[in-house]
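In this text the structure is predicted, and so the values were computed from the model without any measurement. Numbers restart at 1 for each chain; the letters A, B, ... are given by sequence-line order, proteins then strands.
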2 protein chains.
Amino acid sequence: MKTDKLCIRCENCNKRSPLFASLTDDELKLLNDDRHSVLFHEGEVILKQGTRADYLVSIVEGFAKMYIEGIQNRNLILDFVKPWKLMGGPSGMVKEKHRYSVMAIQETLVCFIDMDNLKKVLASNSEFSAQFLIYCSRNYQAALDRLVGISQKQMHGRVADAMIYLSEDIYNSQTIGEEISRQDISEYTAMSKDSAIRVLKEFERDQIVSLHGRQIEVLDSGKLHDIADKG
Amino acid sequence: MKTDKLCIRCENCNKRSPLFASLTDDELKLLNDDRHSVLFHEGEVILKQGTRADYLVSIVEGFAKMYIEGIQNRNLILDFVKPWKLMGGPSGMVKEKHRYSVMAIQETLVCFIDMDNLKKVLASNSEFSAQFLIYCSRNYQAALDRLVGISQKQMHGRVADAMIYLSEDIYNSQTIGEEISRQDISEYTAMSKDSAIRVLKEFERDQIVSLHGRQIEVLDSGKLHDIADKG
DNA sequence: CTAAATGACTGACCTGAGTCAGTCATTATT
DNA sequence: AATAATGACTGACTCAGGTCAGTCATTTAG
């Protein structure tokens, strides 16, 4: 594990996480107590479902997936996460175990922030507390959206959703990188890997995407949105 | 609409909502400004998806369902709610429109609390703010649980989940009341009404439940849990 | 009192989507 | 260089679960 990339002084990098914008220097210092950075390699588990939620986890650099380990070893990917996503907040609030795992998809630098310190800052800074509440609310709403998508759309709609999400929100590009496997797509869309491959191939046949190995290029974003809307 | 049941003085009834326990009398008074109670009849919409989230909604008496109006008029019931459930918080925080509707299943008394007043109290009372955050986190976690249940369990498991939820969490009784229709069960379990009926009938055949009209009596809660766990 | 509407229920049918077995190409191992 | 392992891909088969058409019992409306 390399150390040269680790954040020793966190005051700077904290300021880049929009949520931390409202914190005073003193409050940032408090968060930095017991804070530590760790570099994870591809495939390594950053946060494991079932462990005690003692830390807030912040992605500083890299790329990871957040997933629930469900029934019979089936995973459900909740989100692909990049800087400056925070994780573990909701579980930390209720003093429970983490309800999901996080795994690095690329080399990923992560900061662990002590939950007790977070709570102190939440109690002392009402603006920060309001922002944090907004962040939790957005998580909730995103979960509701996925609930509807997964329960009411069929395969084509769900894959279209995934393509839109990945290209527009995650990659900000027509090209979805090769770090996303077919298996990942199937776990994000709640379907079997074979079915995901099949649908992607149909999209390629219909000139909606083009496939270069793992890399996926969105050719017709309009059609993608149509399919996603219709279900 | 009857008025004799309406809460004119809310200080008392506020104290029964566990979330409000940490509020001072002054803060309660602030919440009670612009607060109003309304009695809804069965089938009436208490809160409509898409309207501005200006109020926090609190169920004071009665029984309602919280549901998302999804694609092609298909609904997804998120929750059956009874006193003292709060709703509309997450949407209110992000100053957006409500992401779900709420409909009275029985005659239901509801309090509307002004969102701006709520925010003032959140800012002034950090203990309340922490409690509110916990409430939002629990909502989020419940949504994650449903996400896994709906995407990874098949019909029998999902209906078993619904029976357990209704009898253990909502009715606190082996008997699920006749205000829950088959359609409601199908919208809670994300399946067609016909399939829900079919599964319930199989459960009856297998002595797991007994059906008396709309009323459902849980006979073998152990078997129900087995089915729910296996998926 | 009759007619229409509603909701539980059932059987027949059909299709969306998972499973399985296997090919091919690429990468890792010895 | 040969072998094993991995992951994308495909076709054939199966089945869970949705749709449809219709019955029956119970309410509601005229």
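- Proximity of a side-chain donor or acceptor of E217(A) to a complementary backbone N or O of I176(A) within less than 3.5 Å is not detected.
- OP1 or OP2 of dG18(D) sits under 4.0 Å from a side-chain N or O of S195(B).
- Rounded to whole Å, atom C1' of dT19(D) lies 12 Å from atom CZ of R74(B).
- Rounded to an integer number of Å, the gap from M155(A) CE to dT15(C) P is 15 Å.
- To the nearest angstrom, C1' of dG22(C) lies 11 Å from CG of D194(A).
- Among the heavy atoms of the strands lying under 4.0 Å from R198(B) is at least one base atom, whether or not backbone atoms are also near.
- Protein atom CD1 of I197(A) is 9 Å distant from nucleotide atom C1' of dT10(D), rounded to whole Å.
- In this structure, the nucleotide among dT10(C), dG18(D), dA8(C) sitting nearest to the side chain of S192(B) is dG18(D).
- One atom, CD of Q183(A), and another, P of dC9(D), lie 13 Å apart when rounded to the nearest Å.
- For K201(A), the listed nucleotide lying nearest its side chain is dC9(D); candidates were dC9(D), dA8(D), dG18(C).
- Residue E202(A) contributes atom CD, which lies 17 Å from atom P of dA8(D) at whole-angstrom precision.
- Note: CG (D184(B)) to P (dG7(C)) measures 10 Å, nearest angstrom.
- The CD atom of Q72(A) sits 13 Å away from the C1' atom of dT19(C) (whole-angstrom rounding).
- Closest to the side chain of R214(B), out of dT10(C), dA8(C), dG17(D), is dA8(C).
- Comparing K153(A) and L200(B) along DNA chain C, the residue whose closest nucleotide (by nearest heavy atom) sits nearer the 5' end is L200(B).
- Side chains of V81(A) and M87(A) form a contact here, defined as non-hydrogen atoms less than 4.5 Å apart.
- Residues S58(A) and K85(A) are not in side-chain contact: their nearest non-hydrogen atoms beyond the backbone lie 4.5 Å or more apart.
- In this structure, the nucleotide among dC20(D), dG17(D), dG16(C) sitting nearest to the side chain of R158(B) is dG17(D).
- Between L109(A) and S37(A) the shortest side-chain heavy-atom distance falls below 4.5 Å.
- Separation of the Y188(A) and Y67(A) ring centroids does not fall under the 6.0 Å cut-off.
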